[in-house]
Each structure stands twice: as structure tokens, then as C-alpha cells.
Amino acid sequence: MAASLGRVCKFGLLKSNYGTLFNQQVHNFSTTNQWSKGRKVLLACLGVTAGGISALIYALDQSVKAFDQVAHPPNYRWGFYGIFSSLDHRSLRRGWEVYKNVCSACHSLDFLAFRHLVGVTHTEEEVKAIAAEYQVQDGPDDTGAYYMRPGKLSDTIPAPYPNEEAARAANNGAYPPDLTYIINGNHNGENYVFSLLTGYCDPPAGITLREGQYFNPYFNNGALGMPQIIYNEVIEYADGTPATASQVAKDVVEFLMWASNAEFDERKKMTIKVIGFGLISLPLVIYWKKLKWTTVKNTKLLFTPRYKRQ
Amino acid sequence: MANFLYNVLFKRSSTFTVTILVGCFIFERGLDVITDKIFEQVNQGKLWKHIKHQYET
């Protein structure tokens, strides 16, 4: 590629223009005037090829992906989709309830500590109380022994299983993934997880499932090791929100969205800041450009050939 | 006005430096405050700030 570019341009791009060229027509700036016909054709072919490949990649990306035996989740209108929209912290609080009462039976949240919840879903006192409900291994103490103590703010959220082997042994060989980055870790994560949680149905004819497998059209090949967990009224929310299945799934997905993107609200705020600063600096940049170019655009050079001189 | 500003603030390097530092501080604070206001306006009722009074004792 670089070799072809070098052939086409002969490093003409790197040559500085002569100062006297400044007030001539744009045509005279062009380095393509001296090019041979073959070189122009080569360049045209290169351009067409590059454009064609780009178009092909774009078309493949946009095309209907119907090869895998998997249903593609629809795009829901999440409340946090707007360019300035933050996460709904009421929903995050309910999402934590769902995780704690439902998901945490099998799934860990290894990269989140109790202290992360402070000021996001709960007050400091509430989180201290939540952490104290868990027993955490600490040590070694004076005698070298490990002991259990109530959780503190600085502890990470305890996992349901001590290691992957224990998790597999307890779940028919299927490993319940850690949920901290599950939204970012899947393509179209929030819609995928929501559809997965709410999309269980009976397997169509021809699909056989082994013992301990459940059919879910949004999971690749359909056979999922996790049974349907989210039902209407599966938990009771402390704030009185009706716990329909879609509400529960929505809340936990919003919570996991926050777990994957702890800086989410900060990012949205930064968008406003960048736009504001851009609007202020735009006139300054325009003024500066005009200031610098005014000499260039107003300079006139006159060349009189020797034979015309007196 | 422009003359006054030039003579008092921009003419000497010392006052110019102070002008830049103080100006940066005021501008940055102002932009932050305005941004926070807009952000809270857009997301009224969704932020922790708006719901924490329900849970604080």
C-alpha cells in the first residue's frame, strides 16, 4: 500500500510549495498536472478499490445476520439513550435489589465493591448495613488463622462460589459468568441481556435439549444453562414499584449498565461541557483563521517576463 | 474600554499572567456550574441527588 502510494505521489505531497505560487489559481497548485496518464489511471483504480472495499465492509456490517441460529434482540428505548440522559438512579436502586435477591444466587459481581454503591444507589449508612449482612474471610490473625467477619465498605461484593470449578459443579457444568462487565462484554449488551431474561419460551420442533438446559432464542444455539428466573412478582420492591417481569429485567439491566460503566453520568455531563466549550471556541478559531489567511489572500505578486521589460 | 483593559491587564507580562490564571479559574468554575445546572435540568428526578432525601435519616 505504502509502495503504491509512493509510486503515485513520488513524494510530491511532502514537497513544500514555492512561495510565489500563493496567488495563482488553485489549478496551478496541483501536483497532478505533471502526472503521466498511467499514473492517473493507477490512482483512479486505487481509489475505486478502496471505496469498493469500504462499501463492502459497510454493507456486510449493515446486512441481516441470519447465519447463526440466534434471535437478534430489538433495540428498546432505554431512558439513558439520549446524548445528555443519565441513568435513572431509582432504577439502579431497584436493580441492586434484584441482583441481591435473584442473580447473586449464582452470579458474582467481582469487580464491584460495596463502597461503589455509596452515593449511587444507597447512602453510606445503608451500604454499611448491607455489607455487614455478608460474612467475609479475613486474616491471617495473630495465630495465623483465617477468620470470618462482617463485610465492610471496602470489601468487594462476595461471590456465590469460591471458584469456577465449584460454580460449574453446582450448575450442571455451566459457568454463570461474572456480571460486572456483562453489558459491555456482549454486542448490544443492554438489549441482549434484557431480551435474554424475558425471552424464554418452549423449544420449537427439532430442537432437543439435554437435562438442565433451557431454550432461549436470544442465546446462541438456543440451549442455555440458566432457567427462567425472572417472573412477575419474583421479588417485592421496597419502593412499591409493581415488580412485573419486564420491570425487574429493566431494573437489573440498568444496574448492570452502571456496573459496566461507572462513569456513565460523568460522560454525559462531559458531553454538555465539550459542546459548551466548543461553541465558545468556535468563533475564536474562525477569527484566528481569518486573521492568519488575510495576508495570504490579499497578497498579489506580479511577474513580468524579461522580454516585456523596457 | 479596550485601551483601559490593555493598559491595566495585558501590557505587562506580570499582570497578563495573573489575568490568564484568574480568568481560567473563573471560566472553568462558570462552565462547570452551568453544565451541572443543564445536566440536572435535563435529568430531573433521575439523579441520586434528587432521590437521596428519601433515604437519609
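Below, chain A is the first sequence line, B the second, and so on; all start at residue 1.
Interface remark: A:Ile280 contributes side-chain atoms only to the contact with chain B (heavy atom separation under 4.5 Å). In this structure, no portion of A:Thr271 lies under 4.5 Å from any heavy atom of chain B.
Across all non-hydrogen atoms, the minimal contact from B:Leu47 to A:Ser86 is CD2-OG, 3.3 Å. Here the closest non-hydrogen pair linking A:Ser85 and B:Lys46 is CB-NZ, 4.0 Å. Among all heavy-atom pairs drawn from A:Phe84 and B:Val42, the shortest one is CB-CG1, 4.0 Å.
Of the inter-residue distances, the one linking A:Lys269 atom NZ with B:Ile38 atom CD1 reads 11.5 Å to the nearest 0.5 angstrom. Between the CG atom in B:Asp36 and the NZ atom in A:Lys273 there is a gap of 7.0 Å [rounded to 0.5 Å]. For the atom pair CD1 of A:Ile272 and CD of B:Gln41, the computed distance is 11.0 Å after rounding to the nearest 0.5 Å. If you take CZ on A:Phe80 and CG on B:Asn43, they are separated by 12.5 Å, rounding to the nearest 0.5 Å. Here A:Leu117 contributes atom CG and B:Trp48 contributes atom CH2; the two are 10.0 Å apart, rounded to the nearest 0.5 Å. The NE2 atom of A:His89 lies 12.0 Å from the NZ atom of B:Lys52; values are rounded to the nearest 0.5 Å.
Annotation for B:Glu28: atom CD does not count as buried by contact number, only 12 or fewer foreign heavy atoms lying within 6.0 Å. Heavy-atom contacts from other residues, nucleotides or ligands closer than 6.0 Å to CZ of A:Arg149 number more than 12. In A:Phe277, the CZ atom is not crowded: 12 or fewer heavy atoms of neighbouring residues, nucleotides or ligands sit closer than 6.0 Å. Counting heavy-atom neighbours within 6.0 Å of A:Lys152 NZ, excluding the residue itself, gives a total of 12 or less. More than 12 heavy atoms of other residues, nucleotides or ligands lie within 6.0 Å of OH in A:Tyr81, so this atom counts as buried by the packing criterion. B:His53 NE2: more than 12 foreign heavy atoms inside a 6.0 Å radius.
Of the listed residues (A:Arg90, A:Arg93, A:Glu126, A:Lys268), the one with the most heavy-atom contacts under 4.5 Å to chain B is A:Arg93.
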